[in-house]
Amino acid sequence: MPGSVPRIVMKFGGTSVGDIERIKAVAERVKKQKDAGCDVLVVVSAMAGETNKLVGYCDALSDLHDAREYDSIVATGEQVTSGLLAIALQKLGVSARSWAGWQVPIRTDSAHGKASLDTIDGAHLLGCMAEGVVPVVAGFQGVGPDGRVTTLGRGGSDTSAVALAAAIKADRCDIYTDVDGIYTTDPRIVSKARKLEKITYEEMLELASVGAKVLQTRSVGLAMRQGVRVQVLSSFVDGPALVEGKLPGSLVVDEDEIVEKKLVTGIAYSRDEAKLSVRRIPDRPGIAAAIFGPLSEANVNVDMIVQSTGADGTTNMTFTTSKTDLPRAISTLESVRDAVQYEELVTDDDVVKISVVGTGMRSHAGVASTMFRTLSERSINIQVISTSEIKVSVLVAAEYAELAVRALHTAYGLDNV
Ligand code: ADP
Ligand code: ASP
Ligand code: MG
């Protein structure tokens, strides 16, 4: 159980530690939180742009590089910022030390490039915190069963922070970023987006999984399972996070903490989509298995699916994957062409998936029809549709992404007026 001293994990994203001046500002903020009487553990991302640069180096050498070496390369960005922040804190008179993932240790499985967390032993970190030291842990990285460095997938520092918060039984995990909270949609594309004081784990999980990258999807699932209170807030506005009273950012909470329930809570979009149509397949039982079985064996994640059968006895199977999986999906489908007997394979990666999310959909009809009507009024053609209990997603041409999100934001009454 947390003791009388509040225990806070503070995580700083790439822009927040983007250069030396920003790192100094972060150190000031950490010091303020500590001076306010909290025990603090810090998690950092790499400087903005650094991970992309490191990934670029690997790609430049080989398309099919060794994932274990990729991890040891891309994990270095966080090692730099953790050391720099420890020095910046020491300059302010705060006792601080950096930790790489393997030093904690943050144990993961061996799925290099997208490893899953296994266990974190927080005892050593807690011991140091009790002695007044601020641990600065490199996010995004861990150590696999064979002792090699792993990374947790892009955006993975959020997951490191939540996992560390669970391991040290923190009172809260504060995710500092370049926006001041979670909004009804990406505030960078909709100026009328509204900041949410609270959002449920379930809705945030769904929004993150369909493209709202403000939190990594896995971090939200982990927070939900472990009961970690997560706050998203800005590292660019002044003042420390308050320990008590009203918090400045957005809180991710259980459903029973939400007073005002809305039909639609948020809208997200993802450009990381590709559409594949396998056309004119002689219709017979087993076609779906013959197509999706090999795709799954090839580790291709399939998302939306629609099948349409013509009067001539042939059928078309259309579905989506991520852009990264597209080349693998194409080669897999080409290898089963004789077995499936399709006539044509057509692909399109100039598409965007737009999703509306809200727990209110469970009990109220009409969300999907509002979506379809709004898009049709703007003459935006819907290519594929999929739904879940609290989400409706549509695939449209990429050029309509912003227009569609803005129109839907207005149609569901989410605009900040
Ligand atoms: P960091 O580097 O701090 O981890 P990210 O770039 O990963 O930051 O996430 C923050 C970004 O998420 C914001 O700049 C914003 O453009 C984007 N974003 C997408 N959807 C939302 C949303 N619903 N609310 C807030 N931010 C969002
Ligand atoms: N630096 C890593 C990335 O860019 C992890 C993170 O920022 O969360 O994906
Ligand atoms: Mg992020």
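Order of appearance sets the numbers: ligands from 1, and atoms from 1 within every ligand. Nothing fancy with the numbering, it's 1 onward along the sequence.
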Nitrogen or oxygen of Gly155 less than 3.5 angstrom from that of ligand 2:
yes

Can an N or O of Ser45 be found at a distance shorter than 3.5 Å from an N or O of ligand 1? no

For Ser45, the atoms of ligand 2 under 4.0 Å from one of its heavy atoms are 6 (C), 7 (O), 8 (O)

So the atoms of ligand 1 within less than 4.0 Å of a heavy atom of Ile182 turn out to be 24 (N)

Exercise for the section: Kindly assign one of parallel, tilted or perpendicular to the pair Tyr176 and Phe12, based on the angle between their ring planes and the thresholds 30° and 60°. Expected result: parallel

Among non-hydrogen protein atoms, atom 16 (O) of ligand 1 lies closest to Asp186 OD1, 2.8 Å

What verdict does the salt bridge (charged side-chain N to carboxylate O under 4.0 Å, His left out) test give for Asp71 and Arg68, after you've listed the backbone C-alpha separation in whole Å, the side-chain angles of each residue and the deciding distance to 0.1 Å?
CA-CA 5 Å; Asp71 274 353; Arg68 295 161 300 189; over 6 Å; no

Near Pro187 (heavy-atom distance under 4.0 Å), the atoms of ligand 1 are 24 (N), 25 (C), 26 (N), 27 (C)

Item checked: contact_flag Lys11 ligand 1 heavy-atom lt 4.0 Å -> yes

Could you tell me whether Arg22 sits above the aromatic face of Phe236, with NZ or CZ closer than 6.0 angstrom to the six-membered ring centre and within 45 degrees of the axis?
yes

Within-4.5 Å side-chain heavy-atom neighbours: Met304 and Ile385: no

> With a 4.0 Å cut-off on heavy atoms, does Gly139 reach ligand 2?
Replying inline: no

query = Under a 4.5 Å cut-off applied to non-hydrogen side-chain atoms, are Thr177 and Lys11 in contact?
reply = no

Is the shortest heavy-atom distance from the side chain of Val9 to the side chain of Val228 under 4.5 Å? no

Atom 25 (C) of ligand 1 has as its nearest protein heavy atom Gly181 O, 3.4 Å

Could you tell me if the side chain of Val384 sits less than 4.5 Å from the side chain of Lys275, heavy atoms only?
yes

_Quick one, Val179 and Arg188 - any side-chain contact, counting heavy atoms below 4.5 Å?_
yes

Contact region, Val232 to ligand 1, non-hydrogen atoms below 4.0 Å, reads neither

So OG1 of Thr359 and NE2 of His364: to nearest 0.5 Å the spacing works out to 11.0 Å

All heavy atoms of Leu152 vs all of Arg218, minimum pair found to be O-NH1, 3.4 Å

- Query: Any side-chain heavy atom of Arg279 within less than 4.5 Å of one from Tyr342?
  - Reply: no

Going by the 4.0 angstrom heavy-atom rule, the piece of Val214 near ligand 1 is both

So the atoms of ligand 1 within less than 4.0 Å of a heavy atom of Ala212 turn out to be 20 (N)

Does Gly13 have a heavy atom less than 4.0 Å from any atom of ligand 2? no

field: Whether Phe319 and Phe292 hold their rings parallel, tilted or perpendicular, with breakpoints at 30° and 60°
entry: perpendicular

Closest to atom 6 (C) of ligand 2 among protein heavy atoms sits Ser157 OG, 3.4 Å

Shortest non-hydrogen pair, Lys391 vs Met361, comes out as N-SD, 3.6 Å

re atom 13 (C) of ligand 1, the protein heavy-atom contact at minimum distance is Asp178 OD1, 3.5 Å

closest protein heavy atom to atom 2 (O) of ligand 1 is Gly14 N, 3.2 Å

For Tyr183, the ligand 1 atoms with a heavy-atom partner under 4.0 Å come out as 22 (C), 23 (N), 24 (N), 25 (C)

Closest to atom 4 (O) of ligand 2 by heavy-atom distance, out of Arg154, Gln141, Met47, Lys11, is Arg154

key: Test of proximity, Lys213 against ligand 1: N or O pairs below 3.5 Å   = yes

Among non-hydrogen protein atoms, atom 8 (O) of ligand 1 lies closest to Thr177 OG1, 3.1 Å

Note: Glu78, heavy atoms under 4.0 Å from ligand 2, region reported as side chain

